[in-house]
Amino acid sequence: MKVTALLVLKPSTSGAGSSSSGGGSGPEAVVLANATDVSHFGYFQRSAAREFIVFVARTVAQRTQPGQRQSVQHEEYKVHSHNRNGLCAVAFMDDHYPVRSAFSLLNKVLDEYQKDFGDSWKSATADGTQQWPFLTDALTKFQDPAEADKLMKIQRDLDETKIILHKTIESVLARGERLDSLVEKSSDLSAASQMFYKQAKKTNQCCTIL
Amino acid sequence: MEQGDGSAAAAAEQQAGGAEEQQLAEDLLHRFERVLHSDPLIDEVGFLHPTQFNSLGCGQDGDSAPQALELQHGYFWCRDHKLAISAEILPKLYRAARDAYYSSRNAPLPATHLMSHTKALLILCPDMLTAWNSRKMVLLEKYDFTKLKDELQLCALILSYSPKNESTWSHRRWVLKQVAEQHQDMAELVEKESVLVKEIAERSKMNYRAWRHRCWLIPYMTRKQVLDELKKSTRWSELHVADNCCFHYRRSLLLALLDIRENREDSLSWESETYLLWKEELRWNEMLIRCYQGRESLWNHRRFLSQWWIQQLLAVEKTCPSMTSQVDLFIIQEIGLLSECLNDPVDEFEESHVQAELSALYILWISKQVPAVKGKLEERLHSVSIMGLKDVLVRACRPEKMRPWMNLLGLADPSQ
């Protein structure tokens, strides 16, 4: 089991989740805090992995409505997302991390964020650049789901909204949106990463590297 | 005639072009081998798309050594022991390495040529068994520990980007065997291998080959090391409960412990130690089963543990019967676990459903593997108001699992 990244975002409210089929990029979520551990990736894949985590987190958070909890399967990852009153926590985990533990962790992250920063996030318009120590520590601590289970026992008032499960990231997108075109438009991804994405897509079809 | 001349000229031209191309490819190979030679500590290789390769140079700090700068030109990039090769030259480079290897194989050249060509070739294509064999032949000429250590390094390098490559794992085992034949003390080497496998397993999940390598090392371990390994892999298993490989490793370690029954006077203490160890493993496994619902690897581990445990208890009971049967107590406990799993509330992730099925199959499996306790199991099931094994099967299992189990247990209705 592995937690690769924890992020806190603020989905844009100007037409949140609406289709961005018109030219240019649609409304985008703002990344308030980000803790990512890519040490298990190959040295040369790390920067692309980092960029993709931000890109996928933005894409999923923007499409998680307030009060909604959803899990998205993306390649070998599960991306869990919980939007509470406009503040959205996103976690990247592998398949085996228990879903319930993942959401109690997200709950905890949102609690702590509001405790540390109050409502200042409501006026945020640009990505946060400072590290938030709690999130970095949490990324290490909650590699063990047993730690998250301890939270579950404390969080009595855990809201019981149903968790929506998505088999692919495409099923989160609004009608008319395509992942490929989002990848092309995204400013999070460097040319190299976009190439990496296309290559990966191609190599997934047949198992060769050349 | 004229036409013939024309085509001959074209062919000659083409040949000249071919020769030029070949020269270029050889230059590439030469440079590749020089890079490998200049940094023997390279621990990771990446084959990069040209766009990514080009972005490596820029955006880096400007304090790179002149040598690194030189390498940045063209198609190789090497810094901090990480080597990047631009993917566009791979086919050319591979052909050059292959040709160089074939021509040097039978030529009266010093072995260093062969070694450097095969190294280049194997990094590009680790499944080239002929090349691995050529290296083995050279290494066999004279035992040289440093050379064998280099060999381990080469294997580790290839495994860094191709962690499931069997040819490389197999070569690694061969090298270790050579060392073991000369050195008596393998303790330090075994330790290092364990660390390597652990690191590789972190990066590629469910890597059966890596874990099998670790299992393969067990015969080289002392009893103390086996115990240490058990202790060290506990945490890893807890964090990777879905990965059966590590549990399989633990089973191999436990079996090894049973084998290393050093025939000394302290066989009694050996027995009690093993007994305690096993009991603890059962307790630990049950704790994990309760924490993580519906994980097959955990139940498989429990099958293994219970089978030996029950047989042990039965044997003890035969030699010295006591008032309270330990076997009965154990069965009561296991049926308790079953009924708990069967009665878990249904949740949205279907985990409890899977858990119920796995627990049912576990009990059925025990009844099949240790027939001596089948009667006791049935008896005990009634007391938690389950009507026998068939009822367990009907209550918890999917239809496709039912039929084979019905047959296995002789429960199938003969009229059907």
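The figures here come from the full heavy-atom set of this structure, side chains too, leaving out hydrogens, waters and symmetry mates. On a predicted model such as this, the values are computed, not experimentally measured, just so you know.
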Gap separating the [atom1] atom of [X] from the [atom2] atom of [Y], nearest 0.5 angstrom:
{"X": "A/M1", "Y": "B/K205", "atom1": "CE", "atom2": "NZ", "answer": "11.0 Å"}
{"X": "B/D243", "Y": "A/H96", "atom1": "CG", "atom2": "NE2", "answer": "7.0 Å"}
{"X": "A/Q194", "Y": "B/H49", "atom1": "CD", "atom2": "NE2", "answer": "12.0 Å"}

Might you point out which heavy atoms bring [X] and [Y] nearest each other, and give the distance in Å?
{"X": "B/E202", "Y": "A/H40", "value": "O-CB, 4.2 Å"}
{"X": "B/L239", "Y": "A/P145", "value": "CD2-CD, 4.5 Å"}
{"X": "B/R235", "Y": "A/D144", "value": "NH2-OD2, 2.9 Å"}

Interface moiety of B/E199 toward chain A, non-hydrogen atoms closer than 4.5 Å
neither
Given that the side chain runs from C-beta out, which part of B/V45 has a heavy atom under 4.5 Å from chain A: side chain, backbone, both or neither?
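Only the backbone of B/V45 comes within 4.5 Å of chain A.
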Please tabulate, one pair per line, all N/O donor-acceptor pairs under 3.5 Å involving side-chain atoms of residues 81-96 of chain B, not counting sequence neighbours.
unit_1, atom_1, unit_2, atom_2, d
B/H81, ND1, B/D39, OD1, 3.1
B/H81, ND1, B/D39, OD2, 2.8
B/K82, NZ, B/D43, OD1, 3.1
B/K82, NZ, B/E44, OE1, 3.4
B/S86, OG, B/E88, OE2, 3.4

Do other residues, nucleotides or ligands put more than 12 heavy atoms under 6.0 Å from the CD atom of B/E296?
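12 or below, so no.
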Do B/Q52 side-chain atoms and A/A48 backbone N/O form a donor-acceptor pair below 3.5 Å?
no
